[in-house]
There are 2 protein chains.
Amino acid sequence: MSEAGGRVPSQLRKGVLEHCVLALLRNGPRYGVEILAELSAVSVMTTSQGTIYPLLSRLRREGLVDTELRESPSGPPRRYYTLTPVGRATLTEFTQAWPLFRDAVDHFLNDPQGESA
Amino acid sequence: MSEAGGRVPSQLRKGVLEHCVLALLRNGPRYGVEILAELSAVSVMTTSQGTIYPLLSRLRREGLVDTELRESPSGPPRRYYTLTPVGRATLTEFTQAWPLFRDAVDHFLNDPQGESA
DNA sequence: CCAGGAACCATGCAATGCAAGATAGCTGCG
DNA sequence: CGCAGCTATCTTGCATTGCATGGTTCCTGG
């Protein structure tokens, strides 16, 4: 309630979450719950296990990430995800495409008359 | 292919197109084909009739826009869309939420180490 | 052994962009 | 008038993907 201004429609995340996960993996291998936590550290990206596990499975199926099961110091084993060359290339593509999209949205939101420069 | 750098995944548009249309309508009433043209003027927002007509129907059904059928100086009648107060409020909400989302994505894409500025 | 938590995964649903195609009105031409 | 071609609107079916829900496995502590 009263978060009208801060609420981000979940549809916005479509097609973006995937690339944010790839971006996280640039920093080194991560496992599911860890990825979930790092995403949720930025509130508008907060999501759930029901979102990222299917997402991670898809990334693996499509060859964008490799996985490796490692024992945990305490608890069940963790599945670590690592970028493959294909995953890295996909991330690079997105990194180039994103500013175009972002600026286009800014254009429509900020340029009512098409005036400006 | 080979457009890797400029290609914007269509999933990116999800939930955004709707608000870009609302933003367009701030400039006054528009009809379908006209909206399609103004969106396509920004290449990454190029879309098709099969996308905007269902979208416009939904906006009308949800009370975000009003419609009015007007004769065309030449051709079939056109259905003009106008923002309702609800539509205007929805647009305002999105205008506030968008920068949060945009900056979050920028954060993940540009901040590999979390080193910040 | 049992309780509880950490970690993983699968299933079904909802929202929405899109391709393809159908319909209807207007204009110009013969 | 009759037809071609354009403008404009709308419908249907599909693919993608975020999400809620629930279930399973492994480890630790008592």
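Chain A is the first sequence line, chain B the second, and so forth, proteins listed ahead of strands; every chain is numbered from 1.
- Atoms NE2 (A:His19) and P (D:dT16) sit 14 Å apart, rounded to a whole Å.
- Separation of atoms OG1 (B:Thr92) and CZ (B:Arg88) is listed at 8.5 Å; rounding is to 0.5 Å.
- The nearest whole Å value for the distance from the OH atom in B:Tyr80 to the P atom in D:dA8 is 8 Å.
- The CG atom of B:Leu22 sits 10.0 Å away from the CG atom of A:Leu109 when rounded to the nearest 0.5 Å.
- Taking 4.0 angstrom as the limit, B:Thr51 places a side-chain polar atom (N or O) nearer than this to OP1 or OP2 of C:dC18.
- Counting to the nearest Å, the C1' atom of D:dA15 and the CD atom of B:Gln11 are 8 Å from each other.
- Rounded to an integer number of Å, the gap from OH of B:Tyr53 to P of D:dT7 is 12 Å.
- A distance-only check finds a donor-acceptor pair linking the side chain of B:Thr46 to the backbone of B:Ser43 [under 3.5 Å].
- Of the two residues contacting DNA chain C, namely B:Val16 and A:Glu34, the nearest-nucleotide position lying further toward the 5' end is that of A:Glu34.
- A side chain to side chain contact (heavy atoms under 4.5 Å, CB included) with B:Leu56 holds for exactly one of B:Leu64, B:Thr51, B:Ile35; it is B:Ile35.
- Comparing B:Pro76 and A:Tyr81, the nucleotide of DNA chain C nearest to each residue sits closer to the 5' end for A:Tyr81.
- In this structure, B:Gly32 reaches the sugar-phosphate backbone alone: every heavy-atom distance under 4.0 Å involves primed, P, OP1 or OP2 atoms, never a base.
- At least one side-chain nitrogen or oxygen of B:Tyr31 sits closer than 4.0 Å to the OP1 or OP2 atom of D:dA8.
- Distances shown here put a side-chain N or O of A:Ser48 below 4.0 Å from the OP1 or OP2 atom of D:dA20.
- For D:dC19, the OP1/OP2 oxygens have a side-chain nitrogen or oxygen of A:Arg13 closer than 4.0 Å.
- Rounding to the nearest 0.5 angstrom, the gap separating the CG atom in A:Leu39 from the CZ atom in A:Arg13 is 10.0 Å.
- Residue A:Gln49 contributes atom CD, which lies 16 Å from atom P of D:dT24 at whole-angstrom precision.
- Between the CD atom of B:Glu18 and the C1' atom of C:dC18 there is a distance of 16 Å, given to the nearest Å.
- Taking CZ from B:Arg60 and OG1 from B:Thr84, the interatomic distance works out to 13.0 Å, rounded to the nearest 0.5 Å.
- Nucleotide D:dT9 holds its C1' atom 18 Å from the CZ atom of B:Arg30, rounded to whole Å.
- The interatomic distance linking A:Leu22 (CG) with D:dT17 (P) rounds to 12 Å, in whole Å.
- Residues of residues 55-72 of chain A having a heavy atom closer than 4.0 Å to DNA chain D, listed by number: A:Leu55, A:Arg58.
- Nearest-nucleotide positions on DNA chain D place A:Thr47 closer to the 5' end than the other of A:Thr47 and A:Gly75.
- Put simply, the side chain of B:Lys14 and the base of D:dT16 share a donor and an acceptor less than 3.5 Å apart.
- Ring geometry for B:His19 versus B:Phe94: interplanar angle under 30°, hence parallel rather than tilted (30 to 60°).
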